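Position 1 is the first residue of the sequence; numbering continues from there. The shown structure was predicted, so the numbers you read here are calculated from the model rather than taken from an experiment.
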Amino acid sequence: MLKGIDVSRHQGAIDWAKVKAAGVQFAIIRAGYGKYAYQEDPCFTDNIEGAYNAGIPVGVYWYSYADTVAEARQEAEVCLTVIKPYKDMITLPVFFDQEYEPAILAAGNSIRTQCCVAFIETIEAAGYKAGLYGSQDWLDNKIDDSQIPETATVWVAQYSNKCTYKGRYT
């Protein structure tokens, strides 16, 4: 099993050399959220450069507020704009992080699933590996995980010693 972390502005300044020395083998870094470039995570540049310079493989995630397919595509395009300067540093997937926001919950399983697919397809069309992040509950009950492209990595957030999600995941 690999040891990894996900980080955002909420962790503050990170000493990436200490992270590497602690045995962390990969990092998934929040690039931003929402549908505008000004929503880039304020620590994104420091985090991706710090992890990369410490020799830690990196991927990124985009926290979504999209409750329509058009908004999910817009978020993907904004994410691509934010991460473009770091394309060579990103060796792991670009994840779509869809969670329990009220408008997203109100959209229904079909729209939520279509949003996931739209984001993933847009990211993959730009030449990146794409992925979907979700809790076991989200993946089991809030989307139709059978519709997620086979090419996408599924990252399951489950806070126990063993993942019990029955779908496909990495």
Undergrad: Look up atom CG in Asp46 and atom CG in Asn53, then write down how far apart they are to the nearest 0.5 Å.
TA: 11.0 Å
Undergrad: side-chain contact (heavy atoms from CB on, under 4.5 Å) with Ser110: which residues, sequence neighbours excluded?
TA: Gln114
Undergrad: Would you say that Val60 contacts Arg30 through its side chain, given a criterion of any heavy-atom pair below 4.5 Å between the two side chains?
TA: no
Undergrad: Is it the case that one hydrophobic cluster holds both Ile148 and Val69, taking links as side-chain heavy atoms less than 4.5 Å apart, direct or via other members?
TA: no
Undergrad: Answer with yes or no whether the hydrophobic clustering places Phe96 together with Leu105; edges join I, L, V, M, F, W, Y residues whose side-chain heavy atoms lie under 4.5 Å apart.
TA: yes
Undergrad: Considering all heavy atoms of both residues, which atom of Pro93 and which atom of Gly131 are nearest to each other, and what is their separation?
TA: CB-N, 4.1 Å
Undergrad: When rounded to the nearest 0.5 angstrom, what is the spacing between CD1 in Ile29 and OH in Tyr52?
TA: 12.5 Å
Undergrad: Which heavy atom of Cys116 sits nearest a heavy atom of Leu132, and at what distance?
TA: SG-CD1, 3.7 Å
Undergrad: With heavy-atom distances below 4.5 Å as the criterion, would you say the side chains of Ser8 and Tyr61 are in contact?
TA: yes
Undergrad: The criterion is side-chain contact (heavy atoms from CB on, under 4.5 Å); which residues satisfy it with Val19, sequence neighbours excluded?
TA: Ile5, Ile14, Trp16, Val24, Ile56
Undergrad: Considering non-hydrogen atoms only, spot the tightest contact between Ala106 and Arg112 and give its length.
TA: N-NH1, 4.5 Å
Undergrad: Would you call Glu71 and Lys35 a salt bridge, using N to O less than 4.0 angstrom?
TA: yes
Undergrad: Once rounded to the nearest 0.5 Å, what's the spacing between atom CH2 of Trp62 and atom CG of Asp97?
TA: 11.5 Å
Undergrad: How far apart are the closest heavy atoms of Thr151 and Glu124, and which atoms are they?
TA: OG1-OE2, 2.6 Å
Undergrad: Quick check for you: to the nearest 0.5 Å, what is the distance between Ser64 atom OG and Gln98 atom CD?
TA: 6.0 Å
Undergrad: Using side chain to side chain donor-acceptor pair (under 3.5 Å), reason through Asp137 and Ser135 one step at a time and then give a plain yes or no.
TA: CA-CA 5 Å; Asp137 174 64; Ser135 67; 4.8 Å; no
Undergrad: Going by side-chain contact (heavy atoms from CB on, under 4.5 Å), name the residues that satisfy it together with Leu80, two or more places apart in sequence or in a different chain.
TA: Glu77, Ile83, Thr122, Ile123, Ala126, Tyr128
Undergrad: Quick check: closest heavy atoms across Val117 and Pro149, and the distance to 0.1 Å?
TA: CG2-CD, 4.1 Å
Undergrad: In Å, rounded to the nearest 0.5 Å, how long is the span from CG of Asp145 to CG of Asp140?
TA: 7.0 Å
Undergrad: Roughly how far, to the nearest 0.5 Å, is CG of Asn109 from NZ of Lys142?
TA: 7.5 Å
Undergrad: Does this structure show an ion pair linking Arg9 with Asp41, if we count only N-O contacts that are shorter than 4.0 Å?
TA: no
Undergrad: Does Ile48 share a hydrophobic cluster with Tyr38, counting links as ILVMFWY side-chain heavy atoms below 4.5 Å and allowing steps through other members?
TA: no
Undergrad: So Glu101 and Tyr63, side chain to side chain donor-acceptor pair (under 3.5 Å) or not? Walk me through it.
TA: CA-CA 10 Å; Glu101 297 297 332; Tyr63 187 91; 2.5 Å; yes
Undergrad: Show the numbers, then the answer: is there a ring-ring contact (aromatic ring centres under 6.0 Å, His included) between Phe95 and Tyr133?
TA: CA-CA 6 Å; Phe95 289 94; Tyr133 168 87; 7.6 Å; no
Undergrad: Does the side chain to side chain donor-acceptor pair (under 3.5 Å) test come out yes or no for Tyr86 and Thr45, once each step is laid out?
TA: CA-CA 9 Å; Tyr86 309 100; Thr45 298; 3.0 Å; yes
Undergrad: Closest approach of Gln25 and Pro57, non-hydrogen atoms and distance?
TA: O-CD, 3.1 Å
Undergrad: Grouping I, L, V, M, F, W and Y whenever their side-chain heavy atoms are under 4.5 Å apart, do Val82 and Tyr33 come out in a common cluster?
TA: no
Undergrad: Do Gln147 side-chain atoms and Asp144 backbone N/O form a donor-acceptor pair below 3.5 Å?
TA: no
Undergrad: Answer yes or no: is there a side-chain heavy-atom contact under 4.5 Å between Val78 and Gln39?
TA: no
